[in-house]
Amino acid sequence: MRKSRKRRFSIFILFIVLLVSGVFMNNYYKEGLKAMNPDDPSDVLVVIPSSSSVNTISNILYENKLIKNPIIFKIKVKTSNTASTLKAGEYNLSTDMDLDTIISKLVKGGKDRNTVRFTIPEGYELEQMAEKLAKEGIIDKDRFIQLSSDKKNFEEEFSFLKQLEKGQSLEGFLFPSTYEIFTGTKEEEIIGKMLHEFEKIYEKDLESKLTELNMTLNEAVTLASIVEREGKVDEERPLMSAVFLNRIEKGMMLQSCATVQYVLGERKEVLSNADTRIDSPYNTYINEGLPPGPIASPGEESLVAAVNPADVDYLFFVLTGNGTHTFTKTYEEHLQAKPKK
């Protein structure tokens with residue numbers, strides 16, 4: 001009898017919990033269907049790129065503060081069988097629109113605009129980016145460089161930029177990737193998209209590690225940019241990161257050819273003795289430590305490697321063929337590892 005009562009009581013409690021949970025979830029779902037700000041609405045221009053998935057669309061709407069919950073948006077789209085009918089385009093939406101209204105507009109379609117794709121390779125400098133995009137007819141080179149020359153032009157929108165020095169350029173912080181934009185997109189919007197992609201990596205991979213390593217954001221990206229330009233194989237990037245950090249710890253100069261190439265403005269395969277003596281704070285053959293800022297835009301692998309160096313005591317590396325390097329602890333070993341001419 002006692003066990004039977006306990007069982008009935010447990011079932012009753014479970015029923016109550018499920019009932020309360022169901023009521024809560026139902027109310028939560030209904031709340032998610034409502035407009036974001038019906039009392040003080042504001043218009044929002046939203047661009048949905050072609051071939052956008054439901055997940056991408058939900059994130060765009062959420063980031064523009066037009067929906068309360070991207071998951072509820074996806075549920076509503078699925079249950080209403082409208083997933084395959086959402087259209088790309090430019091939309092004038094408002095924060096007083098509920099979810100049904102927004103979905104209805106996305107089904108009807110917005111203003112058609114032609115799109116263009118462009119790719120920024122990993123390791124590109126600002127100047128190279130501007131040259132490439134200008135040749136492809138996407139930007140005005142001078143305006144792109146002018147906007148990228150000072151982080152203050154974007155630090156109100158991207159708070160991580162406030163960690164950089166006053167007057168610092170965006171060199172190293174425009175994330176290399178493939179982007180799709182509408183024809184006629186302004187230079188500031190393109191730069192904003194690239195900074196937004198960097199911000200994702202920063203929040204996911206860098207932010208929590210900087211304090212742990214007692215490293216500034218600028219130092220991390222600067223190191224990552226050198227690793228990007230020196231490295232050929234992703235598996236070696238944490239080793240390169242370790243080599244440079246080990247040299248800094250021992251008071252050794254980094255002696256990175258990539259930093260001299262940045263000063264020269266060209267990627268010479270072999271540097272002359274005169275090149276390595278060129279007077280510049282970016283020349284790591286004559287200055288200790290990291291240069292003042294990044295020398296290129298590193299990809300995710302190099303950014304991650306900069307804050308996750310391998311646990312090794314290597315101090316040297318040399319290119320030995322097939323894009324791979326030999327890592328050594330002493331200068332004598334380094335000399336022996338060099339390919340024989």
Side-chain angles (χ1 to χ4, degrees), residues 42-47 49 56 59-66 90 115-134 136 138-210 215-225 228 262 282 290-300 302-303 306-307:
S42 57
D43 293 331
V44 181
L45 180 64
V46 171
V47 174
T56 298
N59 288 335
I60 291 172
L61 296 174
Y62 183 69
E63 288 171 2
N64 281 277
K65 297 180 174 57
L66 286 162
E90 184 179 76
T115 61
V116 61
R117 291 166 67 89
F118 67 88
T119 298
I120 299 297
E122 295 169 348
Y124 257 40
E125 301 166 18
L126 270 175
E127 183 73 24
Q128 289 176 296
M129 291 183 192
E131 285 278 359
K132 183 178 189 295
L133 295 179
E136 294 173 8
I138 294 172
I139 63 161
D140 175 88
K141 180 183 175 181
D142 291 339
R143 178 160 176 75
F144 184 89
I145 291 178
Q146 182 268 320
L147 287 168
S148 303
S149 66
D150 195 328
K151 55 110 178 186
K152 72 178 182 181
N153 295 321
F154 295 90
E155 66 181 0
E156 289 305 314
E157 183 178 358
F158 300 98
S159 59
F160 68 86
L161 292 175
K162 294 179 180 179
Q163 300 177 51
L164 307 184
E165 293 294 323
K166 183 179 180 181
Q168 186 168 340
S169 79
L170 298 180
E171 184 79 87
F173 296 90
L174 301 185
F175 191 70
S177 185
T178 296
Y179 296 89
E180 183 173 28
I181 59 172
F182 285 104
T183 303
T185 298
K186 295 180 179 179
E187 287 80 6
E188 46 264 58
E189 294 178 64
I190 294 173
I191 293 170
K193 285 177 75 72
M194 299 172 79
L195 287 172
H196 180 62
E197 289 305 305
F198 176 88
E199 186 175 47
K200 291 179 184 178
I201 305 299
Y202 166 69
E203 293 175 348
K204 179 168 69 79
D205 298 316
L206 304 183
E207 190 172 17
S208 63
K209 298 287 292 187
L210 295 179
M215 184 182 287
T216 67
L217 175 60
N218 185 54
E219 288 171 340
V221 179
T222 299
L223 174 58
S225 71
E228 182 65 58
Y262 181 71
Y282 282 87
L290 292 164
I295 61 171
S297 283
E300 184 172 7
S302 293
L303 287 166
V307 294

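- Phe173 is listed as a side-chain neighbour of Leu217, based on a closest heavy-atom distance under 4.5 Å.
- Residues forming a side chain to side chain contact (heavy atoms under 4.5 Å, CB included) with Thr56 (at least two apart in sequence, or on another chain): Ser52, Ser53, Ile60.
- You'll find the side chain of Glu300 reaches within 4.5 Å of the side chain of Phe175, heavy atoms only.
- The two residues Gly172 and Pro294 come nearest to each other via the heavy atoms CA-CB, 3.7 Å.
- Between the Asn64 side chain and the Leu66 main chain, no donor and acceptor come within less than 3.5 Å of each other.
- Remark: the backbone N or O of Glu125 is not paired with any side-chain donor or acceptor of Glu171 at under 3.5 angstrom.
- The ring-ring contact (aromatic ring centres under 6.0 Å, His included) check on Phe118 picks up Tyr179, with sequence neighbours excluded.
- In this view, Phe160 and Phe198, Tyr202 satisfy the ring-ring contact (aromatic ring centres under 6.0 Å, His included) rule, not counting sequence neighbours.
- With sequence neighbours left out, Ser149 forms a side chain to side chain contact (heavy atoms under 4.5 Å, CB included) with no residue at all.
- For the atom pair CD (Glu228) and CD1 (Ile295), the distance works out to 10.0 Å, reported to the nearest 0.5 Å.
- Judged purely by distance below 3.5 Å, without hydrogens or angles, the side chains of Gln168 and Asn218 pair a donor atom with an acceptor atom.
- Taking the charged nitrogens against the carboxylate oxygens, Lys151 and Glu165 have no contact shorter than 4.0 Å, which rules out a salt bridge.
- Residues passing the side chain to side chain contact (heavy atoms under 4.5 Å, CB included) test with Ile145 are Glu127, Ala130, Lys141, sequence neighbours excluded.
- Remark: Arg143 CZ to Ile190 CD1 distance equals 11.0 Å, nearest 0.5 Å.
- Side chain of Ser297 to backbone of Leu174: a donor-acceptor contact under 3.5 angstrom is found.
- Not a single salt bridge (charged side-chain N to carboxylate O under 4.0 Å, His left out) links Glu207 to another residue, sequence neighbours left out.
- Of the possible polar contacts, one joining the Glu187 side chain to the Asp140 backbone as a donor-acceptor pair under 3.5 Å is found.
- Glu219 contributes a side-chain N or O that, together with a main-chain N or O of Thr216, makes up a donor-acceptor pair within less than 3.5 Å.
- The backbone N or O of Thr119 sits less than 3.5 Å from a side-chain atom of Lys132, completing a donor-acceptor pair.
- In this structure, CG on Leu170 lies 10.0 Å from CD on Glu155, to the nearest 0.5 angstrom.
- Using a cutoff of 4.0 Å between basic side-chain nitrogens and carboxylate oxygens, Glu197 and Lys193 are not scored as salt-bridged.
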